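Okay, so here's the structure we're looking at.
Whatever order the structure lists ligands and atoms in, that order sets their numbers, starting from 1. All values derive from a computational prediction rather than experimental measurement.
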Amino acid sequence: MLHQIVVAPDPRSYLARHHEEGPVLFYAPALLRATLERFLRGFPGLVTYAVKANPSESVLSELIAGGIHGFDVASPEEIRLIRRLAPGIALHYNNPVRSPAEIAAGIAAGVVSWSVDEAGELDKLLAAPLPPGSEIAVRLRLPVAGAAYDFGSKFGATPDEAVALLARVGASGHIPAMTFHVGTQCRDPAAWERYMRTSADIARAAGVTIARLNVGGGFPAARGEGAIDLAPFFAAIERGAGAFATRPVLVCEPGRGLVADCHGYAVGVKSLRPGRAYLEDGIYGGLSEFPSMGVPRFSVLAPDGSLREGAPVARVVFGPTCDSLDRLPGEIALPGDIAPGDRILFPSTGAYLNGVTTTFNGYGHRRDVTVAALS
Ligand SMILES: *Cc1c(COP(=O)(O)O)cnc(C)c1O
């Protein structure tokens, strides 16, 4: 554990003593370390981290100190950030669309693995040229199943395209690999096994023995619905590895599954009107994921830290900006005794909050508070 200064035992006791306005992001490094250890102990291969999920230096430093094996980076700026914190650690550049200048920055920083999902992008890598011994991982996409939303609509080669790409990678002299992303917040372990079996079929059809298979991220966060048991996911991945004649080294690159559950986010209630609530933060700030992911199961705290438990009343919930799009999806059941000055405490907010919060309309500020535990 890094020696981060813990300022409160947990969010409720902090909020009971601090009534300043503004959202508060709670971070429990001890929980991050425990989650990392569950991945390191249970995942049958190398554990890397997708930086975009939460690029905060305290999170990255904790992962480095905890022995993470590498990082999935997507831009020269993410590469610089990791190189500053961990000069020798493995970098996997898995954003498959790159400009020549971005490729050059990756080569200069010693990127060891590159994903590719299209012939023109492979042409760019080979023309750069990549140094001998680089790994090139063909990114596969299948129709989405089990995830909160579809990653395959943006990146990934179809199985037929993947066969052709992998054959070219095999002939290029670089190290052939494959990768995929089942989609974020995927609660169905079978999705990984399905992708892995198809990957094995593709490698066979291409006549290429892949050195490594990167099974991506997508591991779910609890979102207030009980701790995630990773064992069924790791077991499905182990079964999937059995589909290969020669077992590839496995790599995973979770974002959300590592960092979401070690954070909580408290947002104050500014105003209540019949059928409506106005909060201190919304979709341009720390709640930007809620329209696509849904609202996690939350609790509402009175200023003294006690739980509001009144019979639920559905309200439309707005953020603080003057934009009418700034509202949470649907209607949200809030306790009937909720009052202005209460705080809503959202769980599992460690992913896709840092890095996507805007300052639109002058909002977007928050306090960061390190805690020993989240409950
Ligand atoms: C975003 C991303 C991840 C992390 O996804 P999660 O669903 O947060 O685990 C992993 N790999 C790649 C290539 C990504 O773009």
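Short contacts between ligand 1 and Tyr352, defined as distances under 4.0 Å to a heavy atom of the residue, involve ligand atoms 1 (C), 4 (C), 5 (O), 6 (P), 8 (O). Every atom of ligand 1 with a heavy atom of Lys52 under 4.0 Å away is listed here by number and element: 1 (C), 2 (C), 3 (C), 14 (C), 15 (O). Near Thr184, with a cut-off below 4.0 Å to any heavy atom, the atoms of ligand 1 are 6 (P), 7 (O), 8 (O). Short contacts between ligand 1 and Gly217, defined as distances under 4.0 Å to a heavy atom of the residue, involve ligand atoms 9 (O), 10 (C).
Inclusion of Gln185 in the set of residues having an N or O under 3.5 Å from an N or O of ligand 1 is not warranted. For ligand 1, the polar-atom distance check finds an N/O of Gly255 within less than 3.5 Å of one of the ligand's N/O atoms. Between Asn94 and ligand 1, a contact under 3.5 Å exists for no N or O pair. For ligand 1, the polar-atom distance check finds no N/O of Arg139 at less than 3.5 Å from any of the ligand's N/O atoms.
Residues that satisfy the side-chain hydrogen bond (donor to acceptor under 3.5 Å, both in side chains) test with Glu121, not counting sequence neighbours, are Lys124.
Contact annotation: for Asp72 versus ligand 1, heavy atoms closer than 4.0 Å belong to the side chain alone.
Counting heavy atoms only, Gly218 comes closest to atom 6 (P) of ligand 1 of the residues Gly218, Ala50, Ala137. Taking all heavy atoms of Arg256, His92, His181 into account, the minimum distance to atom 5 (O) of ligand 1 is reached by His181.
Ligand 1 lies out of reach of Phe155, whose nearest heavy atom is not under 4.0 Å from it. Taking a 4.0 Å cut-off on heavy atoms, Gly216 fails to register as neighbouring ligand 1.
With hydrogens and angles left out, the side-chain atoms of Asp323 and Tyr284 include a donor and acceptor closer than 3.5 Å. Asp304 and Ser306 are linked by a side-chain donor-acceptor pair at a separation below 3.5 angstrom, with hydrogens and angles left out of the test.
Screening residues 338-354 for salt bridge (Lys or Arg N to Asp or Glu O under 4.0 Å), with sequence neighbours left out, gives Arg308-Asp342.
Annotation: the span from Tyr93 atom OH to Ser113 atom OG amounts to 13.0 Å, rounded to 0.5 Å.
When side chains are defined from C-beta on, Thr184 counts as touching Met293, because their heavy atoms get closer than 4.5 Å.
Under the 30°/60° scheme for interplanar angles, the aromatic rings of Phe346 and Phe298 are found to stand perpendicular.
Asp229 has no carboxylate O lying under 4.0 Å from a charged side-chain N of Arg38, or vice versa, which leaves the two without a salt bridge.
Under the 6.0 Å distance and 45° angle rule, Arg139 does not count as a cation-pi partner of Phe155.
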